[in-house]
Amino acid sequence: MADFKKIADKWQEKWERAKIFKVTEKSDKKKFYVLEMFPYPSNRLHMGHLRNYSIGDCYARYKRMQGFNVLYPMGYDAFGLPAENAAIKHGIDPEKWTLTNMDTIRQQQKGMGFSYDWDREVASLHEDYYKWNQWIFLKFYEKGLAYKKKAAVNWCPSCSTVLANEQVVEGKCWRCQNDVTETFLEQWFFRITDYAEELLKDIEKLEHWPERVKTMQKNWIGKSYGVEIFFKIKETGQIIPTFTTRPDTIYSVTFIIIAPEHPLVLELVTGTKYEKATLETVKKIRQQTRQERTTAEGKDKIGCFLGKYAINPVNGEEVPVYVANFVLMDYGTGIVMADAHDQRDFEFAKKYGIHLKFVIRSENSNCIIVHGSPQDERTDEPEESERHWIPWIKNKLREIGIPAFYPQMPIPWAPVYEEWKKEFEKLDINENSILIGHSAGAAFLVRWLGEKQKKIKKLILVAPAKIPKNTNSRQKDLYDFEINKNLKNLIQQIVIFISNDEERHIEAAKNIYGKILDARIIELKNKGHFIFEDMNTNEFPELLDTVLEVGNEAFTENGILFDSGEFTGLNNLEAIEPISEWMEKNKYGKRTINFKLRDWLISRQRYWGTPIPIVYCDKCGILQVPYGELPVRLPKPEKCKFTGKGNPLETCNEFVNTKCPKCHNEAKRETDTMDTFVDSSWYFFRYCSNKFENAPFDKEKAEYWMPVDQYIGGIEHAILHLLYARFFTKALRDLRLATVDEPFSRLLTQGMVIKDGAKMSKSLGNVVDPEEISNKYGPDTARLFILFAALPEKELDWSDKGVNGSFRFLNRVYNLANENLHNISHKRYDEHKLNDQDKYVLSKMHITIKNVTQHIENFEFSLAIGKIMEYADVLQKYKEKNKEVFTESIKNLALMMLPFTPHLGEEIWHMIKCEGFASLEKWPSYDENKIDKKAEAIAELIQNTRKDIIEILRLGKIEKQKKITLFVADKWKYDFMDKLKDEINKSRNIMHITKSIMSTDLKIYGNELTKLIPKLVQDETKLPQFVLGQDAEFHAINDASKNYEDEFKCKVEVTIAENSNEAKAKQSMPFKVAILVE
RNA sequence: GCGGGGGUGUCAGAGCCUGGUCAAAUGAGCUAGCUUGAGGUGCUAGUCCCUUAGUGGGUACGCGUGUUCAAAUCACGUCCUCCGCACCA
């Protein structure tokens, strides 16, 4: 067995000595920039890193071999909390801690054989790097892109520093997962919002970015179009702007809500009787964690009335003003108009008893009211009496725009279901229909809906009738039917109204309808059977509420506007534009665009980061540190106190106390350091000229290398690093430093490495150390497995068995080369001396190169490796090798494997006496013409025949065979196959085909043909892909017979079926020789 | 709720865009034979079900329906599932 570790060491050393991966801009080749997200140097390399770099190195090596001038650098994101925490805990110097880790990781990376240009290494902790952070900060400051403001900010108590919005994930700190609280602090920000529009728009340019990353960024930027509507406070005359994206609901507004942080809140209540309650409520809200306040699950909506009213500009209505926790100060104007078409507003209104008003209904909604059977001899229709609830609700519905129908049923006195049914059929009942039935009408509706299985929106039963079983009356015929239980699945909502004073109906409503239909039951007082003489009032408003869904949920669907002034009757979505326009025209409001994106808070109250180059002077105010004095160096840790509380820099007088650059009096330095995401926002520029001294980077070199052609990293940075880096690139462009708009043209987000179904973590004890694997099997095995086990974007399930499989494959390939050193010849093979097998091997080689190239191009490494494995298998089975063909084949195998397993690739290259470094060789090219279908068909035939023999021996339990006879099919069968293939292309009609074939010489085999044709036409898979012909098959099988003799240790004879009397011979078919074992 | 993905053989995981060559790549697992001192390594074969001297047939790519001569692949519906965002007005 080969010592892969030793081989790896050997080649790594050679590569390093020859500096073969060093690149410069001086090249005729086209540039290609491959980059992996640089690591935070904590302790050691883990599997996630290994995967990241294996993917990148594979691609970089491939591109290099393809003839590109590949920039492939590595560096370290070396500032950050873990180092500082180590300082606090163990009193270690963060710098030493970090540098040690960097050394370890660099060693491990080198040990894996990654082809970085190490001369370009950058690390953010070096002052020649962070100096440029400061330099860029000052440039930003001068342009107004960096500014200081007092704001409510995210505070992580456990990291004891503030965080940017992007670094708060579900209310928790992205690094330590502890709850984030809110504080008011004066902090430094980058004005990323200036670029919101461009950051959003340019997502379109990111053609080769994963869709989900783009969506995440879009969501995060959160652009929305809306209208600021000006409400006026009735009592004070103040104008308050409210932001909405739904101006179509303006006529639904019944209250206004202000964010608790809004200064207006205090202004409105101070000195009034509402002051105390308001202050208490606001205090309560402020005690809530951000998580509690901003998650949908925290259903508790808290707020209170401020005692003031606002005037709706469009209709002059006065609506109450509230404060509530769910309204956010930093989105829109911090004030919202609230209505019945928003779930949150709705819930709030329900809780605080605020009046609601609907203005949108479903597009094709309608309401049908079915009356009951009037009592006794009564003939007057309820329609005649305005006192009755039926005409009342009908008119009410029409008033608010819901078409209502009140069909007259035949013979109301003695209803017959069959007759009523006919009437029901005539009605326009759809999925948005609301059906109201009273008494017998209710019963018949239920019966009918059950029969028809019709889907409707809502069914309201008013005092539904159903006669108990033992009643023996005329009514039994009317009401005795089975209630279809499936109705509850078809109908969105079923409500039953009953009265407390009509006992016989209570039973029917509750125990029969209510239970079977799983309906909501509303019990009213003293309404009798809901016929007018029983009712104290002429109507019951609860019914209208139920129809309109008040009391259940907000109506958030789209539909038709009603009660909306001149916009009544329009579709609400289509009305948004005209309403906005109308509002602007009448100065009710103005159209605005809002973003969710907030400015990037970059201040950190920690030691281990880039000091912000600002000085505070009592006289001169806030001043920049002059460029000439950069960098502002971090003081040595000994000079600071690391207590775990507060910013250690504040405890370093030497650092804090300085002179004002303007008046030279005593002044103090800013002690906040920068978010480490600042470091990583431009490091990819620094790689282009990592030692440049006059600017963050050499503009010309950056122009040559940028943008990064292929970036690879974890999905977790979808909206952190990747958004910041895009912002920086644009800002640097506007500073005329960079010339690109976007930093990364192509992005690959790798999946996680998991084991036993869970993310690798110390606490679960399922961590596999890459170095251990490398020590045991060599780095190539680790790399191969990690690329082979899953597609790069998917998660990778670590399996020790799988690793072993990869290791075995590498051994097989190594042995293949090692055992065939005598079969190496670098001469060009003679085209004319190739046998079928040689041609097959070459064909396989070309097709493999083609497939592997395509797969690598698509980042389908596992598939590429699969193809290589197949190919290696073919080479292994290559007997009686043509030395030249074999040499070329294995040479290309070595080259194709090189991006995946570079050490083995080099080793084989060297073993087979090839010159120079394989790493610098040209990627193999393929010739489509050399893909030889015939050679492949022959190889397949030989292989199939062999398997068939094995199968026969097994099934026949033959242990000692004396002789095997192979019959190649009769010539006419080949002719037939050819002809059939032609015919099938023309037509699939069996009659036609048969007729056509029977008209040829083949007709003498008619008997057999009539059996074969239908079978072969119906199942094309039985047809050989490629008809070789009798001669070719005979020669192929005859050549192979020697191998069969060796393998089966008996005589093997090959005959043509025509020349034999054996019955078996007849069974032979093209591509299927008949086999007789004796 | 909004947005993005998935559901394939014992398992992992391709195929689906561009329907047939798909009982479905590749690896793992399992079974048998050979190799070996050895069941640890390596090699060869088999591995959905029934049947058979290499054959033939059936079932299968979440479920249902449809389009088609033909569907894992296309359409519609449905169920389940993973991920991201989310009281953003």
Side-chain angles (χ1 to χ4, degrees), chain A residues 1 169-170 210-216 218-220 222 224 226 242-246 249 257 259 292-301 324-328 330-339 341-345 347-348 556 594-596 715 718-719 785 788-791 793-797 799-806 808-809 811-812 815 851 855 860 862-870 873 876-877 944-958 984 987-990 1015 1017-1021 1023-1026 1047 1064 1067 1072-1077:
Chain A
M1 209 181 292
V169 181
E170 288 175 18
E211 212 44 57
R212 59 175 181 149
V213 175
K214 291 198 273 186
T215 323
M216 281 162 83
K218 273 185 215 158
N219 289 344
W220 188 261
S224 54
T242 65
F243 176 76
T244 184
T245 53
R246 292 288 306 277
T249 61
I257 314 173
E292 275 171 326
R293 237 187 98 175
T294 58
T295 46
E297 280 92 59
K299 280 261 173 355
D300 274 345
K301 300 198 165 21
N325 59 343
F326 64 92
V327 173
L328 306 175
D330 56 7
Y331 185 78
T333 59
I335 308 172
V336 302
M337 55 182 225
D339 55 72
H341 296 285
D342 181 281
Q343 189 59 35
R344 296 151 299 167
D345 298 347
E347 282 169 25
F348 187 77
T556 53
N594 237 294
F595 290 95
K596 266 164 66 180
I715 185 82
I719 45 179
F785 171 72
F788 176 57
L791 291 173
E793 303 223 275
K794 308 230 168 148
E795 68 182 21
L796 185 152
D797 199 352
S799 129
D800 296 330
K801 292 267 171 64
V803 176
N804 198 45
S806 296
R808 275 168 43 197
F809 172 68
N811 271 302
R812 234 179 292 154
N815 292 337
N851 288 332
H855 285 313
E860 297 160 336
S862 50
L863 308 184
I865 295 166
K867 292 292 174 195
I868 292 176
M869 285 172 164
E870 257 180 90
D873 212 45
Q876 233 172 347
K877 289 181 177 142
N944 284 350
T945 306
R946 175 174 169 270
K947 285 192 179 181
D948 286 347
I949 298 172
I950 292 171
E951 188 67 7
I952 290 168
L953 295 178
R954 191 177 65 85
L955 278 170
K957 296 199 173 69
I958 303 168
I984 285 176
S987 148
R988 286 172 178 277
N989 185 306
I990 292 176
K1015 209 191 269 177
V1017 172
Q1018 269 165 28
D1019 189 352
E1020 262 183 81
T1021 62
L1023 271 173
Q1025 273 253 284
F1026 191 94
E1047 182 170 358
K1064 203 71 187 168
Q1067 288 180 15
K1072 186 111 207 139
V1073 299
I1075 300 163
L1076 180 68
V1077 181

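Order of the sequence lines fixes the chain letters, A, B, ..., with proteins taken first and strands second; residue numbering starts at 1 for each chain. Only heavy atoms go into these numbers, but all of them, side chains included; no hydrogens, no water, no symmetry mates.
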What nucleic acid atoms does K801(A) come within less than 4.0 Å of, heavy atoms only: base, sugar-phosphate, or nothing?
-> sugar-phosphate
With a non-hydrogen cut-off below 4.0 angstrom, is R246(A) in contact with a base, only sugar-phosphate, or nothing?
-> sugar-phosphate
Have a look at K1064(A) and say if it touches a base, only the backbone sugar-phosphate, or nothing, with a 4.0 Å heavy-atom cut-off.
-> base
From the options rC87(B), rG84(B), rU26(B), select the nucleotide whose nearest atom is closest to the side chain of E870(A).
-> rU26(B)
R212(A), CZ: over 12 other non-hydrogen atoms inside 6.0 angstrom | no
Atom pair CZ/CG of R344(A) and N325(A) - distance to nearest 0.5 Å | 11.5 Å
Look at all strands and tell whether G802(A) reaches a base, only sugar-phosphate, or nothing, counting heavy atoms closer than 4.0 Å.
-> nothing
How close do T945(A) and I1075(A) get, heavy atom to heavy atom, and via which atoms?
-> O-CD1, 4.2 Å
In whole angstrom, what separates D345(A)'s CG from rA89(B)'s P?
-> 11 Å
Under a 3.5 Å limit on both distances, the Watson-Crick or wobble mate of rG20(B) is rC69(B)
For the salt bridge (Lys or Arg N to Asp or Glu O under 4.0 Å) test, which of R946(A), K877(A), K947(A) pairs with E1047(A)?
-> R946(A)
With both distances kept under 3.5 Å, what pairs with rC30(B), Watson-Crick or G-U wobble?
-> rG46(B)
Tell me which of R344(A) and K867(A) sits closer to the 5' end of RNA chain B, going by the nucleotide each one is nearest to.
-> K867(A)
Between K301(A) and F348(A), is NZ or CZ placed under 6.0 angstrom from the six-membered ring centre and within 45° of the ring axis?
-> no
Value in whole Å for how far the P atom of rC88(B) lies from CG of D330(A) | 13 Å
R954(A) meets the salt bridge (Lys or Arg N to Asp or Glu O under 4.0 Å) criterion, sequence neighbours left out, with E951(A)
Hunt down the Watson-Crick or G-U wobble partner of rU36(B), both distances under 3.5 Å, from any strand shown, or write none.
-> none
In whole angstroms, the gap separating P of rA53(B) from NZ of K1072(A) amounts to 15 Å
Would you mind reading off the distance between N815(A) atom CG and rG42(B) atom P, rounded to a whole angstrom?
-> 10 Å
Tightest non-hydrogen contact, residues A338(A) and D345(A), listed as CA-OD2, 3.2 Å
Nearest-Å distance, CD1 (I949(A)) to C1' (rU44(B))?
-> 15 Å
Restricting both atoms to N or O, compile the protein contacts to nucleotides 45-49 of chain B shorter than 3.5 Å, with distance only.
from, atom 1, to, atom 2, distance (Å)
rA45(B), OP1, R946(A), NH1, 3.4

Nearest-Å distance for atom pair CD1/P, residues I715(A) and rG4(B) | 14 Å
Can we say K867(A) and E870(A) salt-bridge, meaning some charged N sits less than 4.0 Å from an Asp/Glu carboxylate O?
-> yes
Search all heavy atoms of Y331(A) against all heavy atoms of S224(A) and return the closest pair with its distance.
-> OH-OG, 2.7 Å
Quick one: label T245(A) by what it contacts on the DNA or RNA (base, sugar-phosphate, nothing), any heavy atom closer than 4.0 Å.
-> sugar-phosphate
When rounded to whole Å, the CD1 to P distance for the pair I868(A) and rG27(B) reads 13 Å
Which pair of non-hydrogen atoms, one from M216(A) and one from A718(A), has the smallest distance, and what is that distance?
-> CE-CB, 3.6 Å
Could you check how far CZ of R212(A) sits from P of rC85(B), rounded to whole Å?
-> 11 Å
Indicate whether OP1 or OP2 belonging to rU41(B) is found under 4.0 Å from a side-chain N or O atom of R808(A).
-> no
Of the non-hydrogen atoms in D797(A) and F785(A), which two are nearest, and what is the gap between them?
-> O-CZ, 4.1 Å
What nucleic acid atoms does Q1067(A) come within less than 4.0 Å of, heavy atoms only: base, sugar-phosphate, or nothing?
-> base
Looking only at atom C1', what distance separates rG7(B) and rG56(B), rounded to whole Å?
-> 33 Å
Across all strands, who's sitting opposite rC63(B) as a Watson-Crick or G-U wobble pair, both distances under 3.5 Å?
-> rG77(B)
rG1(B) -> Watson-Crick or G-U wobble partner, both distances under 3.5 Å, gives rC85(B)
For RNA chain B, whose closest nucleotide is more 5', that of N804(A) or that of V1077(A)?
-> N804(A)
Identify each atom pair where a protein N or O and an N or O of nucleotides 13-19 of chain B are less than 3.5 Å apart, giving names and distance.
from, atom 1, to, atom 2, distance (Å)
rA14(B), OP1, K794(A), NZ, 2.9

